[in-house]
Trainee: 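Handing you this structure, nothing more for now.
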Amino acid sequence: QLQLVESGGGLVQPGGSLRLSCAASGFTFDYYAIGWFRQAPGKERKGVACITSDRSTVSADSVKDRFTISLDSAKNTVYLQMNSLKPEDTAVYYCAAGRDNLSYFMMTEAPYTPPGDVEIWGQGTLVTVSS
């Protein structure tokens, strides 16, 4: 069974940091693009950052310079380091694996529309930024 399992969410104060992890089970990230999406309460799902199959990174303008995506191939795990968190970063964060074109959602910050070149989704992890 192909699975993505996220962890690392929680409650953090504005200006704080969190690191999310996404571990693959039943497959490896070879040849996949891997991305992070988020969905705030009552809002549409949007792209945050991704690593393409050639291992280039793409980040949404709203998180550039604050969030960093990285891949540890040996651990088959993708990370999202989030710094200088703001209340508007509050959302459920989802890990996704699929084709390179999913980077479109990070480049444009357009709402995600299925299938959107995503083949596998994680279950999501909640990040709450609040004082």
Side-chain angles (χ1 to χ4, degrees):
Q1 188 176 4
L2 309 183
Q3 285 186 314
L4 294 171
V5 179
E6 301 103 330
S7 60
L11 173 64
V12 63
Q13 292 187 340
S17 297
L18 277 177
R19 188 178 79 158
L20 306 183
S21 300
C22 171
S25 175
F27 73 106
T28 67
F29 285 135
D30 295 349
Y31 311 117
Y32 279 93
I34 315 112
W36 288 94
F37 290 75
R38 66 184 178 184
Q39 188 164 12
K43 297 192 176 180
E44 296 164 302
R45 190 170 298 188
K46 292 190 175 182
V48 176
C50 71
I51 295 177
T52 59
S53 62
D54 67 356
R55 301 311 178 221
S56 299
T57 60
V58 180
S59 297
D61 284 345
S62 59
V63 305
K64 205 163 287 185
D65 299 327
R66 298 189 299 123
F67 291 10
T68 303
I69 189 169
S70 61
L71 168 65
D72 186 332
S73 296
K75 295 183 178 179
N76 215 25
T77 300
V78 170
Y79 302 97
L80 185 68
Q81 177 66 44
M82 305 186 295
N83 299 328
S84 302
L85 282 161
K86 305 175 181 180
E88 52 263 42
D89 295 318
T90 294
V92 177
Y93 284 71
Y94 297 91
C95 181
R99 301 179 182 178
D100 284 347
N101 283 346
L102 67 80
S103 64
Y104 164 83
F105 297 103
M106 287 72 183
M107 287 189 286
T108 64
E109 299 195 78
Y112 169 75
T113 51
D117 289 293
V118 174
E119 299 176 17
I120 308 165
W121 285 102
Q123 82 286 356
T125 185
L126 176 62
V127 172
T128 303
V129 184
S130 175
S131 55

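Quick note: residue numbers are just sequence positions, from 1. Small disclaimer: the values here were computed from a predicted structure and weren't measured.
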Trainee: I need the minimum non-hydrogen distance between I51 and S70, along with the two atoms involved.
Mentor: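 Looking at all heavy atoms of both residues, the shortest contact is CD1-C, 3.6 Å.
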Trainee: For residues 41-58, pull every pair meeting salt bridge (Lys or Arg N to Asp or Glu O under 4.0 Å), keeping only residues two or more places apart or in separate chains.
Mentor: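 Non-adjacent pairs meeting salt bridge (Lys or Arg N to Asp or Glu O under 4.0 Å): zero.
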Trainee: Here's a test for you: under side-chain contact (heavy atoms from CB on, under 4.5 Å), which of M82, K86, R38 qualifies with V63?
Mentor: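 Filter result, single survivor: R38.
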Trainee: Kindly compute the distance separating CD1 (I69) from CD (Q81), expressed to the nearest 0.5 Å.
Mentor: 12.0 Å
Trainee: How many angstroms lie between OG in S103 and CD1 in I34, if you round to the nearest 0.5 Å?
Mentor: 12.0 Å
Trainee: Can you tell me which residue pairs pass the salt bridge (Lys or Arg N to Asp or Glu O under 4.0 Å) test with a partner in residues 4-23, sequence neighbours excluded?
Mentor: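 For residues 4-23: none.
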Trainee: Would you give the length of the straight line joining atom OH of Y93 to atom SG of C22, rounded to the nearest 0.5 angstrom?
Mentor: 14.5 Å
Trainee: Could you tell me which non-hydrogen atom of W36 sits nearest to which non-hydrogen atom of S21, and how far apart they are?
Mentor: CH2-O, 3.6 Å
Trainee: Linking directly or through intermediates, with side-chain heavy atoms under 4.5 Å: list the remaining ILVMFWY members grouped with W121, chain and number order.
Mentor: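 Once heavy-atom contacts under 4.5 Å are chained together, W121 belongs with F37, V58, V92, Y94, L102, Y104, F105, M106, M107, Y112, V118, L126.
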Trainee: Which residues satisfy the side-chain contact (heavy atoms from CB on, under 4.5 Å) test with V129, sequence neighbours excluded?
Mentor: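 Once residues adjacent in sequence are excluded, the partners of V129 under the side-chain contact (heavy atoms from CB on, under 4.5 Å) criterion are V12, P14, L85, P87, D89, T90, V127.
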Trainee: What residues, two or more places apart in sequence or in another chain, satisfy ring-ring contact (aromatic ring centres under 6.0 Å, His included) together with F67?
Mentor: none
Trainee: Please, which pairs that meet salt bridge (Lys or Arg N to Asp or Glu O under 4.0 Å) have at least one residue in residues 98-113, sequence neighbours excluded?
Mentor: R99-E119
Trainee: Do S7 and T125 touch side chain to side chain, with heavy atoms closer than 4.5 Å?
Mentor: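 They are not in side-chain contact.
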Trainee: Over all heavy atoms of both residues, which pair between L80 and A49 is shortest? Give the atoms and the distance, please.
Mentor: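 Taking every non-hydrogen atom into account, CD1-CB, 4.2 Å.
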Trainee: With hydrophobic residues grouped by side-chain heavy-atom distances under 4.5 Å, do Y31 and F29 end up in a single group?
Mentor: no
Trainee: So for atom CG, which belongs to D65, do other residues, nucleotides or ligands contribute more than 12 heavy atoms lying within a distance under 6.0 Å?
Mentor: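 No, not enclosed.
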Trainee: Spell out, as yes or no, whether a donor-acceptor pair under 3.5 Å connects the side chain of N76 to the backbone of S25.
Mentor: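 Not at all, since once roles are kept as given, no pair shorter than 3.5 Å links the two residues.
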Trainee: Please say which of V78, D72, L71 ends up in a side-chain contact (heavy atoms from CB on, under 4.5 Å) with K75.
Mentor: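 Filter result, single survivor: D72.
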Trainee: Quick check: closest heavy atoms across I120 and Y32, and the distance to 0.1 Å?
Mentor: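 Looking at all heavy atoms of both residues, the closest pair is CD1-OH, 4.1 Å.
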